[in-house]
Amino acid sequence: MAVVSKKIPAPDKVKIRTALLSVSDKTDIIELATVLSKLGVKLLSTGGTAKAIAEAGLPVTDVSDVTNFPEIMDGRVKTLHPNVHGGLLAIRDDADHVEAMKEHGIEAIDLSVINLYPFEEVRAKGGDYPTTVENIDIGGPAMIRASAKNHAYVTVVTDPSDYPALVEALQADDGQTSYVLRQTFAAKAYARTAAYDAVISNWFAEALAIETPDYRAIGGSLKEKMRYGENPHQSAGFYLTGEKRPGVATAALLQGKQLSYNNINDTDAAYELVAEFLPENAPAVAIIKHANPCGVATGPTLAEAYRRALACDSVSAFGGVIALNRTLDAETAEEIVKLFTEVIIAPDVTEEAKAIIARKPNLRLLAAGGLPDPRAAGITAKTVSGGLLVQSRDNGMVEDLELKVVTKRAPTPQELEDMKFAFKIAKHVKSNAVIYAKDGQTAGIGAGQMSRVDSARIAAQKAEDAAKALGLAEPLTRGSAVASEAFYPFADGLLAAIAAGATAVIQPGGSMRDQEVIDAANEHNVTMVFTGMRHFRH
């Protein structure tokens, strides 16, 4: 049954007379407490916060003196008391509430400054189950939500970055806050507790292997407000979920202007792709444009890998994003600055490379500090009208699959390596996807077409164009392996690949017409393997 409001109008200005300070993150709390004390505000506090305030020489009342009950159970129970929540929730202009406060000796609390146990940090550091559970805050969210609900009378602050705005308002208006400011802080308070609970609920789902929980919450903290979204008429913000997966969200921007919405999307796609190639095996480079690869290659050196990746489609690479699986060195940096590039991301960057990239001051340079684990579990989410599509991250790896040779001819060792290389990349190309590869280098990439045969033809045409640009006698598709991220529904896509010169094919299989496709491969002496795993990417 819904509670009916008495419709008592909220006052515009509220004088701060009593403040409750209870924080895990004590950044600038003493400075704030000092200002409040000078304004004549009575300070209430708990545990370590009260101790820090007292040690700073400021008068402070412990909450246990307000509740007339000591902290118990290792601090689990200290603020969950009517004297605290009554002080936060009382409607000051409601005669019944005022009478109840008098009857029970409840003092009004006008300001609550609260932040939460560091659950996100403990989870990100891989804390064990008991430690992680112990860092689930109970009293903090309860007080924040109570304060935010009663924002007509209570100012609630949950973020140290908001202390200056609070102080400015109080000093400018005789220790009072405006209704608009209280509303603003209340909105942020509820968003904070929602994001906090989202992290906790998702941790439980992971810990208990619940794939599709009945309720799914996804929250984050604003890292930066963006100039615009995909297009200038769209607003956008970049939020952090707290997941410590190395990548664009955790990377340090070493130089260059703010990343755009599209930069972030493309950089994430590029880094996730290049992470498929273990740095201890070989240097690898991926060049991305509009979240699709223009070229990917390995090589004996990082610079050579870059040159080979660029050779696949140097036209599309203009203004793209470059991802590397090893530390960016000077030789590779010298190659990269020859072409206009939006973003470079690598695990680290040498000082020499930084100096070279500095010649291009607008080029964004990111050091991620590591590579994301392509096998790691996780979730991805996409909004739809009225809903949210959530799935587990595609962490399938071709090295972990049992490849089935379905043609008369088995692949040569080199063909098998090229097939695996191409299939790794197919996982990161928008569907329908067709990738030609040879000797650890993409020869042609066809992405995002409604017809698989069109993807095969586009990729072949790009290979032809690249060959002409490089002055080659024939495109690299001659003698290449071709990967399809999903099965061939008809033989036409395969025949287009064969016409381009492919001699080896890797695909998931599973079509009603698999035999028709296998027969076509056998007729042209082409080897084919089935992976049994599809990599749709929409």
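- Qualifying side-chain contact (heavy atoms from CB on, under 4.5 Å) partners for A284, counting only residues two or more places apart in sequence or in other chains: V274, F277, T298, N325.
- Annotation: the span from K420 atom NZ to I506 atom CD1 amounts to 8.5 Å, rounded to 0.5 Å.
- Between the side chains of N202 and R216, a donor-acceptor pair is found at a separation under 3.5 Å.
- Under the rule for a side-chain hydrogen bond (donor to acceptor under 3.5 Å, both in side chains), the partners of K354 that lie at least two apart in sequence or sit in another chain are E351.
- A side chain to side chain donor-acceptor pair (under 3.5 Å) check over residues 525-538, counting only residues at least two apart or in different chains, returns the pairs D394-H535.
- For the residue pair N262 / S260, no side-chain donor-acceptor distance below 3.5 Å is found, with atom types taken as modelled.
- A donor-acceptor contact under 3.5 angstrom links the side chains of S431 and E485, judged on distance only.
- A467 and P475 get closest at one heavy-atom pair: CB-CA, 3.7 Å.
- Remark: H290 NE2 to E230 CD distance equals 10.5 Å, nearest 0.5 Å.
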| task | Test E243 against R393 for salt bridge (Lys or Arg N to Asp or Glu O under 4.0 Å), laying out the working first. | result | CA-CA 13 Å; E243 183 185 19; R393 181 182 285 120; 3.1 Å; yes
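- Judged as a side chain to side chain donor-acceptor pair (under 3.5 Å), the pairs with a partner in residues 367-377 (not counting sequence neighbours) are, in order, R375-D400.
- Evaluation of the side-chain hydrogen bond (donor to acceptor under 3.5 Å, both in side chains) rule for N281 yields no partner, not counting sequence neighbours.
- There is no side-chain donor-acceptor pair under 3.5 Å between T250 and R245.
- Side-chain contact, E276 with H428: a donor N or O sits under 3.5 Å from an acceptor N or O.
- Not counting sequence neighbours, Y215 has no partner by the ring pair (Phe, Tyr, Trp, His ring centres under 6.0 Å) test.
- At most 12 non-hydrogen atoms from other residues, nucleotides or ligands lie less than 6.0 angstrom from OH of Y261.
- Nearest heavy-atom pair across V434 and V482 is CG1-CG2, 3.5 Å.
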